[in-house]
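Here the structure is a predicted model, which is why all the values come from computation and not from measurement.
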Amino acid sequence: MGIDDPQTTDADSAVMQPQPLWQRVKLFEGLDAEAIAAISGHLVLRSYAAGDVLIQQDRWCGELFILHSGVAHVRSTQLAPSEATPDALSETPTRETILRRLVGGDCFGEMSLITGTLPSATVQALTDGDAWVLGQEAFQQLARDFPALTRNINVILSERLFHTSRQNTLAAPQQITVLIAEPSPLWDDLARAVSSLTRRAILFVGFNAATNRSGRVYHLRDLLSGRLNGAMMTHADQSDWDHYDTIVLDDAAENDSRAAGAVGDLLGVLSRLEDHYGHVLILVPPHSPLLTPPLLAVATRVLVAGPSESAATMRSILSTLPMPATLSIRPEVGAIVTHAPSTTLPTVAALDALNAQVGIPVRGVIPASDAHRAMAVAALSRWLAGQRIGLVLGGGGVKGWAHLGVLRVLRRLQMPFDCVTGASIGAICAAMIARGGSLDEYENLLRIGSTYAFRFKISRVGLLSSRGVEQFLRRKDVVGERLIEDLPIPFAAVAADLISGSEIVIRRGLVWQAVLASASIPALFPPVRIGPHLLVDGAVVNPVPISTAQLLGADKIIAVDIATDLAAPQEGTAEGRSKEKLPNVVNSMLRSFEMMAAQIRVDAAEECRVLIKPRTTAVSLRRFKDGSQFVAAGEAAAEAALPQIYREFPWLERQTR
């Protein structure tokens, strides 16, 4: 079976498919009807099933493929660099890389036919489909008869090389989100928010251009005709990063008989525009025939949106999706709850309840009222863009006042936090941030807390009593009897288990209990028993718990390290007793603990995007109020970090102009 008859046209499909597929195959570009007819006689249409390997890496194939329908991907398998030794090939683990996807009109296998070398990558079908196949002997003959074939292949190879080089310079590969929802201006707001965050062009695909308030609109039929290309669709003013472009699908695509062709056309366009758009948001109505295996095969994530009372409907939609079963990297599936009551905060507890109700992870909760909608859309856009922000506050006793100075600067920047975590005094400050409140309130509470902290009570388990700290934390104006999972911002505290010697991340339960455990300095304060664990200060195991923020889902982390740097090692001699006044036992223990924590502290600069390190000095725990001097140090350190903050979060600078 050869290529579709070049003289055949279908009036019904002219809107969605102005040219037959063969006319849009780059391999045949510039060839006249006579050449097409000659080539057609050598092509065989071969069907394949999802999961079939069409070309195997390092195994001779001897055929050129032109994809007619379906989706495939190209992957390369290599030895892991650290293990790639000639005498260990049989046991060496391999690393697989997905190089690109292939859709209708793409060709592959031509390099082996030209050079005679084995294929350098594997091509595997992600969905059912078919492809035209041309053998090596016929290919060589056609290349001699029609030199334009060789010219076109050189162009294709050059474009692939350019694409590979460009992908290596991009921060992330193209993300395709399939959003199953009814049309709404809400989704346009989401596209604009993602564009602003990523500073990469965004493409919105839907059936209605009326809601596009800030970008340009293109019709799929125009893109297929060749009148528009990627270079024409890039932003003229790339400083305007709340600008996105729209591709409008014609209503004919909602017809079952035309949907497959419409999806194939769309995927072909997206493949050509991959270097120009960092994110693609495809809006598809529920139960649309456009929800085909090829569309789902290229999706990075699939989201279904609707009010919480439509949970059964959302579950039904997801359960009936024709998701390809052979995907090596399956799209992330989730839900967006819309029209939520204004009292529904996206706390861990609320999300747990919604997850159970909907049956899949809920990625966003959009309130019905306008008051909090912008904030909810911004949070959802950070998740889509891979820019969820985590704040990490390190331990350091009295120097914890510096956290307040850092927060002053971050609040001025209107920096949002998707999670907060801390160790020791950092856990106390992080808990107050997670529950919400003003900076003046935080400062006042730190002053009040200093009157509770230092209470002598010598016992078998500690020099100081933790009863006062507990009373302070359990005050209603501090954290009271709140549960961690009820806090407006996800929070976790880090502690060390004296029984197992391991780090314990506390993500649920009473806030005061978690914070008390995280701040219980060994030997000074008694350990805190929570379940089977006997817990002490988290700075023993993780003074700046960046890994905990990553556990909570943070993509970009701002860490505050308040520890005092240790002096360089010095030589000493035993030449009698020093006249320096000896520190009291509490200060000696605190200094020893600080030195130990400094030795085990991870190199935070390697682990986070922004490291803020206030300049601090040692202050006695008994003089906790005197720690207010470090507020200015925290503020100065945060101000000094502004260039780094703006590099990582460029949208902040525009937001605060």
Closest non-hydrogen atom pair, S271 against D106: OG-OD2, 4.0 Å

Residues L535, I506; criterion side-chain contact (heavy atoms from CB on, under 4.5 Å); working and verdict: CA-CA 11 Å; L535 302 176; I506 310 172; 3.8 Å; yes

F417: ring pair (Phe, Tyr, Trp, His ring centres under 6.0 Å) partners, not counting sequence neighbours: none

Inter-residue atom distance L652.CG - M415.CE, 0.5 Å rounding: 4.5 Å

Close side-chain approach of V178 to V298, heavy-atom, < 4.5 Å: no

Atom pair SG/CD1 of C419 and I433 - distance to nearest 0.5 Å: 11.5 Å

Candidate pair R508 and D352, rule salt bridge (charged side-chain N to carboxylate O under 4.0 Å, His left out), full reasoning: CA-CA 12 Å; R508 293 178 183 272; D352 284 346; 2.9 Å; yes

Donor + acceptor pair across side chains of E503, N542 (<3.5 Å): yes

Intermediate values then yes/no, side-chain contact (heavy atoms from CB on, under 4.5 Å), R382 and L197: CA-CA 7 Å; R382 290 194 296 275; L197 280 175; 3.6 Å; yes

Check ion pair E481-K476 (N to O, under 4.0 angstrom): no

R482: partners by salt bridge (charged side-chain N to carboxylate O under 4.0 Å, His left out), with sequence neighbours left out: none

T548 to A492 - nearest heavy-atom pair and separation: CG2-CB, 3.8 Å

Whether T320 side chain and S316 backbone form a donor-acceptor pair below 3.5 Å: yes

Residue from L266, D265, L267 passing side-chain contact (heavy atoms from CB on, under 4.5 Å) with V263: L267

Smallest separation among heavy atoms of L283 and A181, with atom names: CD1-O, 3.6 Å

Short side-chain to backbone donor-acceptor contact, S310 and T313, under 3.5 Å: no

Y244 backbone acceptor or donor facing S195 side chain under 3.5 Å: no

Residues which pass side chain to side chain contact (heavy atoms under 4.5 Å, CB included) with E648, listed by chain and number, not counting sequence neighbours: K556, R609, V610

Main-chain N/O of Q513 paired to R474 side chain as donor or acceptor, under 3.5 Å: no

Distance, nearest 0.5 Å, that separates CG of L380 from CE of M375: 14.5 Å

Interatomic spacing from CD in Q550 to OG1 in T421 - rounded to 0.5 Å: 11.0 Å

D418 side-chain N/O to G390 backbone N/O, donor-acceptor pair under 3.5 Å: no

pair V420-L393: side-chain heavy atoms closer than 4.5 Å: no

Side chains of Y48 and L67 in contact at under 4.5 Å (non-hydrogen atoms): yes

Donor-acceptor pair between T177 and R301 side chains, under 3.5 angstrom: yes

Heavy-atom side-chain proximity of F108 to L54 below 4.5 angstrom: yes

L126 side, atom CG; L296 side, atom CG - distance, nearest 0.5 Å: 11.5 Å

Sidechain N-carboxylate O distance under 4.0 Å for R46, D130: no

Pair I282-V284, side-chain contact (heavy atoms from CB on, under 4.5 Å): steps then yes or no: CA-CA 6 Å; I282 304 176; V284 183; 3.8 Å; yes

L281 side chain reached by V205 side chain, heavy atoms, under 4.5 Å: no

R475/E470 ion pair, N-O < 4.0 Å: no

Check: R435 side chain, V479 main-chain N or O, donor-acceptor pair, under 3.5 Å: no

Under 3.5 Å: donor-acceptor pair, side chain of D128, backbone of A50: yes

Main-chain N/O of V362 paired with N355 side-chain donor or acceptor, under 3.5 Å: yes

Check: Q57 main-chain N/O paired with T122 side-chain donor or acceptor under 3.5 Å: yes

Check: V53 main-chain N/O paired with Q124 side-chain donor or acceptor under 3.5 Å: no

CA sep, side-chain torsions, deciding dist, call: T347, E485, side-chain contact (heavy atoms from CB on, under 4.5 Å): CA-CA 6 Å; T347 63; E485 49 268 43; over 6 Å; no

Separation of H403 NE2 from L391 CG (nearest 0.5 Å): 8.5 Å

